[in-house]
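Values below: all heavy atoms of this structure, side chains included; hydrogens, waters and symmetry mates excluded.
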Amino acid sequence: MSIRKKLVLSYIAMIAIPALLLVLTVLLAASAFMRDTSTEADGGKSRVPFASVRNLFDGRNEVKAGLRFVTQHDPQLLGDAAFLQETEAELAKADAGLLILSSGGRVVYASQGLNADELARQLAEDKSNSKDNRDAEWGPPWQRGGGSSRLSLSQIAYTAADGQPGTVVIVSDMKPVVRFFSRFVPTVLLTLVGTLILTNGLLTYFVSRSIIKPLYALKDAASQIREGNLEHKLQLQPLNRQDEIGQLSRSFEEMRVRLQASIGAQLQLEQSRKELLANISHDLKTPITGIQGCIECLQGGVADTEEKRGKYLDMIASKTSDMNRMIEELLLYSTLDIGKLPFNWEQLDAAAYMQMTVDELRQDPRMAGIALVYESSGEPAWIRADREKLNRALLNIVGNSLAHMEQEPRELRFALLADSEANATVAIRITDNGTGIPAEALPFVFDQFYRAEQSRRTAAGSSGLGLSIVKQIIEEHGGTVEARSAAGQGTSITMKLPLIRAGADHEMPRGDLL
């Protein structure tokens, strides 16, 4: 669930839950308070159960409706003592009293306990301030006789049998109602406030916790990266989330892994460069030492014959050639590595090109005593390549094979395998029957600056960059290279290059065909 949806749901819950609890509280409080409403009697010495507030109003309204009917249809009953006592008894059940006034405000009848004169005076004052006093209910209630009971007065105008107007007043004690609302309203308000605080507090805590806790985990992970500790992994909880924080956590973890790999590769590259410098320094020192020895012999007169001088000069030339070859390989590799070596692309028939290359190798003096075999279907296999760079890659592989072919008979096999239907590639395979590559070294033979110690040939001017250069050249052609070998059984190196349609007119940027 997204953070936005969580916030929306939490806001809805902050409104819906307090509203629901408020309704339930109102219903329960109203039921409880109306059921438990009581009044005090006997000077507060005892509590006498009283009717509920609803029953109070129902009883008063019922008696009021009866009195209104009497005043309209049979006002003579207002002078009947039995009727008045019965009415007073009904009103007493509803905590109310009866007061009857004549036209001059004189008290005709009053229930026991009412301050009739004070009530009559108040009604007279209110009548003088009101334009229409028929069947009106006075409010707000005033205090009865200086006591603490709040009274509500409801008057009904009538005409007596002698034609004189009069007023029937129902005096209601509002103290139970006031007591009810004085307890009910604070309870509802406190419940509402408490519910709002509790609901909003809990929802805010849980929602903020679900956001802040993973952010602290990200902060801790960022601090670890800042301190250089790239081994510190994020906790599973942020990574397993499906919201925006989960996406951020997964991206952050992926960044950490890539940064770790990048720094590891950089450290490995730096270590390889140090090893290269050490190897090149060692390999250059050997021929230089030999050259220096030959020169000292020539200068010291040790070479006192023409034959000896020629021998020392040949040794100097050989050592110089080895040094030159190592420097050229280092320069070529550096140029390839920084992407500054230009490629001259052209369409080549790989079958014809390999046949020509093998024929040239047969004329090479280094191939004396080595059986060269070329296998091909003879069908054209068009590739887009740099003739010179591809030849350099082939010669590097051949040179590497020659350096490790010790057993007889020595054999070097070339094969061209086209697979145009499956993956549109052509494979150039070179296989020797040399000493092979150890299994532990095989995965690293194409790595930068790698050179297995047991295969080092310092005297031959090897720099250890030959197969690395092969890999870079083939990758620039959009292909791949792999090696298979077994100790004592020889080595097979396969270069796969993408096929193209003969006569196709398009440019092939460096590394474009993958």
Side-chain angles (χ1 to χ4, degrees), residues 325 328-364 366-367 370 372-403 412-420 423-432 445-446 448 463 465-484 491-514:
R325 183 165 52 253
E328 283 183 354
E329 286 192 349
L330 180 61
L331 179 61
L332 176 62
Y333 180 84
S334 300
T335 309
L336 284 169
D337 194 34
I338 63 177
K340 297 297 185 180
L341 185 64
F343 278 69
N344 300 315
W345 303 107
E346 58 178 301
Q347 295 183 17
L348 292 178
D349 179 3
Y353 177 77
M354 288 301 301
Q355 183 65 61
M356 181 183 64
T357 302
V358 172
D359 291 341
E360 291 178 353
L361 285 173
R362 287 194 175 101
Q363 307 301 321
D364 194 323
R366 295 180 301 167
M367 299 295 146
I370 299 178
L372 295 182
V373 179
Y374 174 58
E375 299 175 356
S376 173
S377 63
E379 297 181 1
W382 292 94
I383 60 174
R384 202 167 188 84
D386 183 316
R387 183 186 298 269
E388 180 183 351
K389 305 301 187 302
L390 184 57
N391 185 68
R392 181 58 182 265
L394 292 172
L395 292 180
N396 278 10
I397 296 175
V398 170
N400 191 72
S401 296
L402 292 176
L412 197 59
R413 289 182 172 273
F414 295 83
L416 184 68
L417 307 172
D419 187 8
S420 58
N423 49 17
T425 61
V426 61
I428 301 174
R429 181 174 299 164
I430 303 176
T431 306
D432 63 52
V445 293
F446 295 106
Q448 297 173 344
S463 66
L465 293 174
L467 294 182
S468 298
I469 292 175
V470 171
K471 181 181 179 182
Q472 286 198 342
I473 290 176
I474 297 303
E475 287 182 348
E476 292 289 344
H477 282 73
T480 59
V481 60
E482 61 181 6
R484 294 183 180 180
T491 302
S492 176
I493 295 180
T494 304
M495 300 177 292
K496 294 183 179 180
L497 298 172
L499 287 171
I500 63 170
R501 180 169 52 85
D505 184 16
H506 64 276
E507 294 293 331
M508 190 183 86
R510 299 178 57 172
D512 185 44
L513 295 176
L514 294 177

Query raised in the report: Below 4.5 Å, heavy atoms only, C-beta onward: do Thr480 and Ile474 meet side chain to side chain?
Result: no
Report summary line: Tightest non-hydrogen contact, residues Trp345 and Glu476, listed as CH2-O, 3.4 Å
Query - Partner residues of Ala483 under the side-chain contact (heavy atoms from CB on, under 4.5 Å) criterion, sequence neighbours left out - result: Leu442, Val445, Phe446, Ile493
Show which side-chain atoms of residues 394-403 pair as donor or acceptor with protein atoms under 3.5 Å away, not counting sequence neighbours.
{"from": "Asn396", "atom 1": "OD1", "to": "Arg392", "atom 2": "NE", "distance (Å)": "3.2"}
{"from": "Asn396", "atom 1": "ND2", "to": "Gly466", "atom 2": "O", "distance (Å)": "3.2"}
{"from": "Ser401", "atom 1": "OG", "to": "Ile397", "atom 2": "O", "distance (Å)": "3.1"}
{"from": "Ser401", "atom 1": "OG", "to": "Asp432", "atom 2": "OD2", "distance (Å)": "2.7"}

Query raised in the report: Distance from Leu499 atom CG to Thr425 atom OG1, nearest 0.5 Å?
Result: 6.5 Å
Requested in this report: Please report the closest heavy-atom contact between Leu416 and Met354, naming both atoms and the distance.
Outcome: CD1-CG, 4.5 Å
Requested in this report: With sequence neighbours excluded, tell me which residues meet side-chain hydrogen bond (donor to acceptor under 3.5 Å, both in side chains) with Thr431.
Outcome: Ser492
Requested in this report: Decide yes or no for Leu348 and Trp382: does some side-chain heavy atom of the first lie under 4.5 Å from some side-chain heavy atom of the second?
Outcome: no
Query raised in the report: More than 12 non-hydrogen atoms from neighbouring residues, nucleotides or ligands closer than 6.0 Å to CZ on Arg484, yes or no?
Result: no
Query raised in the report: Please, which pairs that meet salt bridge (charged side-chain N to carboxylate O under 4.0 Å, His left out) have at least one residue in residues 345-358, sequence neighbours excluded?
Result: Glu346-Arg387
**Report entry** For Glu375, side-chain contact (heavy atoms from CB on, under 4.5 Å) partners two or more places apart
**Finding:** Val373, Arg413, Ala415
Report summary line: Residues at least two apart in sequence or cross-chain that pass side-chain hydrogen bond (donor to acceptor under 3.5 Å, both in side chains) with Thr494, listed by chain then number, are Arg429
Query - Ile370 vs Leu361 side-chain heavy atoms within contact, under 4.5 Å - result: no
Query - Separation between CE of Met495 and CD of Glu482, rounded to the nearest 0.5 Å - result: 11.5 Å
Query raised in the report: Atom CD1 of Ile428 and atom OG of Ser376: how far apart are they, to the nearest 0.5 Å?
Result: 10.0 Å
Report task. Give the minimum heavy-atom separation between Pro498 and Ile383, together with the two atoms involved. Result -> O-CG2, 3.7 Å
Report task. Using a 4.5 Å cut-off on heavy atoms from C-beta on, say whether the side chain of Leu372 contacts that of Met367. Result -> yes
Query - Donor-acceptor contact below 3.5 Å, side chain Asp386 vs main chain Asn344 - result: yes
Query - By salt bridge (Lys or Arg N to Asp or Glu O under 4.0 Å) - contacts of Lys471 (at least two apart) - result: none
Query raised in the report: Which heavy-atom pair separates Val470 from Ala393 by the least distance, and what is that distance?
Result: CG2-O, 3.5 Å
Requested in this report: Look at the side chain of Tyr374 and the backbone N and O of Thr357, then say whether any donor-acceptor pair between them is shorter than 3.5 Å.
Outcome: no
**Report entry** Any side-chain donor near an acceptor of the partner, Gln355 and Asp359, under 3.5 Å
**Finding:** yes
